[in-house]
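Notes to accompany the following structure.
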Amino acid sequence: MGEHRDQFQARLKQINRKHEALSGGYSARLRADGLLVVNPRRVQSRISARALIFFTAAFLLFKGFLMAALGFGSYDERVRRLADGSGLERAGAFIMQADPVSVFFAQKIGPVLR
């Protein structure tokens, strides 16, 4: 009698797991043999790759603008002072340090600002 109860509990646990998976959404498709198969939907990110690329490009353009407006020497000095601060400021200094793309943008924007 105990093994029947264990089998029942195992089946019940499996049904509950499947129910939880399908509660977030599901898709159903009809196979060639006529069987309807229901699968849980995959979780999709709310941030698209296009938006991430756009944000990164805008950030690099902003850094290039700052470099061109402040001058390379002044910009590097400000980043160095930021690197001497707290942990959060050091992280900001790491992100704001000069990179080839930002320097390229600064060189192209610089003549326009002057």
Side-chain angles (χ1 to χ4, degrees):
M1 185 74 162
E3 77 181 52
H4 294 296
R5 184 177 189 284
D6 292 341
Q7 289 175 355
F8 175 74
Q9 291 297 329
R11 286 195 314 264
L12 192 59
K13 189 183 288 188
Q14 182 180 9
I15 289 170
N16 285 334
R17 264 187 278 151
K18 189 162 188 171
H19 176 72
E20 289 236 359
L22 294 175
S23 68
Y26 58 89
S27 63
R29 68 180 178 90
L30 187 63
R31 290 193 333 198
D33 61 358
L35 182 65
L36 186 63
V37 179
V38 179
N39 293 320
R41 263 202 197 129
R42 295 183 185 159
V43 177
Q44 294 181 354
S45 175
R46 292 181 183 258
I47 301 173
S48 68
R50 183 178 180 184
L52 192 60
I53 290 170
F54 179 74
F55 175 76
T56 303
F59 181 72
L60 291 173
L61 191 61
F62 173 71
K63 278 176 44 176
F65 175 77
L66 281 178
M67 287 179 197
L70 297 173
F72 290 106
S74 176
Y75 183 83
D76 288 338
E77 176 59 33
R78 289 171 190 239
V79 171
R80 249 184 264 117
R81 279 190 302 187
L82 196 59
D84 294 336
S86 67
L88 186 61
E89 290 172 337
R90 285 194 301 265
F94 178 75
I95 292 172
M96 294 302 290
Q97 68 185 354
D99 58 81
V101 177
S102 299
V103 171
F104 174 77
F105 285 149
Q107 290 171 346
K108 296 298 180 187
I109 295 172
V112 174
L113 291 178
R114 293 188 179 102

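What you see below is based on every heavy atom in this structure, not just the backbone, and it leaves out hydrogens, waters and symmetry mates.
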Task: Closest heavy-atom pair and its distance - Val38, Ala28 - done: CG2-CB, 4.1 Å
Open item on the list: Tell me whether Phe62 shares a hydrophobic cluster with Phe54, the cluster being built from Ile, Leu, Val, Met, Phe, Trp, Tyr side chains joined at under 4.5 Å.
Closed with: no
TODO: Look only at the side chain of Arg90 and the backbone of Gly85, and say whether a donor-acceptor pair between them is shorter than 3.5 Å.
DONE: yes
Open item on the list: Please give me the minimum heavy-atom distance between Ala98 and Asp76, naming the atom from each residue.
Closed with: CB-OD1, 4.4 Å
TODO: Could you tell me the separation between the CD atom of Gln107 and the CE atom of Met67, rounded to the nearest 0.5 Å?
DONE: 10.0 Å
Open item on the list: Looking at Arg17, is its backbone amide N or carbonyl O close enough to the side chain of Glu20 to form a donor-acceptor pair, meaning the two atoms are under 3.5 Å apart?
Closed with: no
Open item on the list: Would you say that more than 12 heavy atoms from the other residues, nucleotides or ligands in this model lie under 6.0 Å from the CG of Leu36, or not?
Closed with: yes
- [ ] Taking all non-hydrogen atoms of both residues into account, name the closest pair between Pro40 and Ala21 and its distance.
- [x] CB-O, 3.5 Å
Open item on the list: To check you understand the geometry: which heavy-atom pair defines the closest contact between Ala106 and Ala68, and what is its length?
Closed with: O-CB, 3.7 Å
Open item on the list: When you compare the side chain of Phe55 with that of Ile47, does any pair of heavy atoms fall below 4.5 Å?
Closed with: no
Open item on the list: Could you check whether any side-chain heavy atom of Arg78 comes within less than 4.5 Å of a side-chain heavy atom of Tyr75, counting everything from C-beta outward?
Closed with: no
TODO: Considering only NZ, NE, NH1 and NH2 on the basic side and carboxylate oxygens on the acidic side, decide whether Glu77 and Arg80 come within less than 4.0 Å.
DONE: yes
Task: Co-membership, hydrophobic cluster, residues Leu82 and Phe94, 4.5 Å side-chain - done: no
Task: In one Ile/Leu/Val/Met/Phe/Trp/Tyr side-chain cluster, 4.5 Å: Val103, Ile95 - done: yes
- [ ] Could you tell me the separation between the CG atom of Asn39 and the CZ atom of Arg29, rounded to the nearest 0.5 Å?
- [x] 6.5 Å
Task: Gln14 atom CD, neighbour heavy-atom count above 12 within 6.0 Å - done: no
Open item on the list: Using a 6.0 Å cut-off, check whether atom CZ of Phe59 has over 12 heavy atoms from anything other than its own residue.
Closed with: yes
Task: Single hit among Leu66, Leu60, Asp99 for side chain to side chain contact (heavy atoms under 4.5 Å, CB included) with Phe105 - done: Leu60
Open item on the list: Treating Lys63 as the side-chain partner and Val101 as the backbone partner, does any N or O pair qualify as donor plus acceptor under 3.5 Å?
Closed with: no
Task: Heavy atoms of other groups near Phe72 CZ, more than 12 under 6.0 Å - done: yes
Task: Contact summary for Met96 and Val79, nearest pair of heavy atoms - done: O-CG2, 3.9 Å
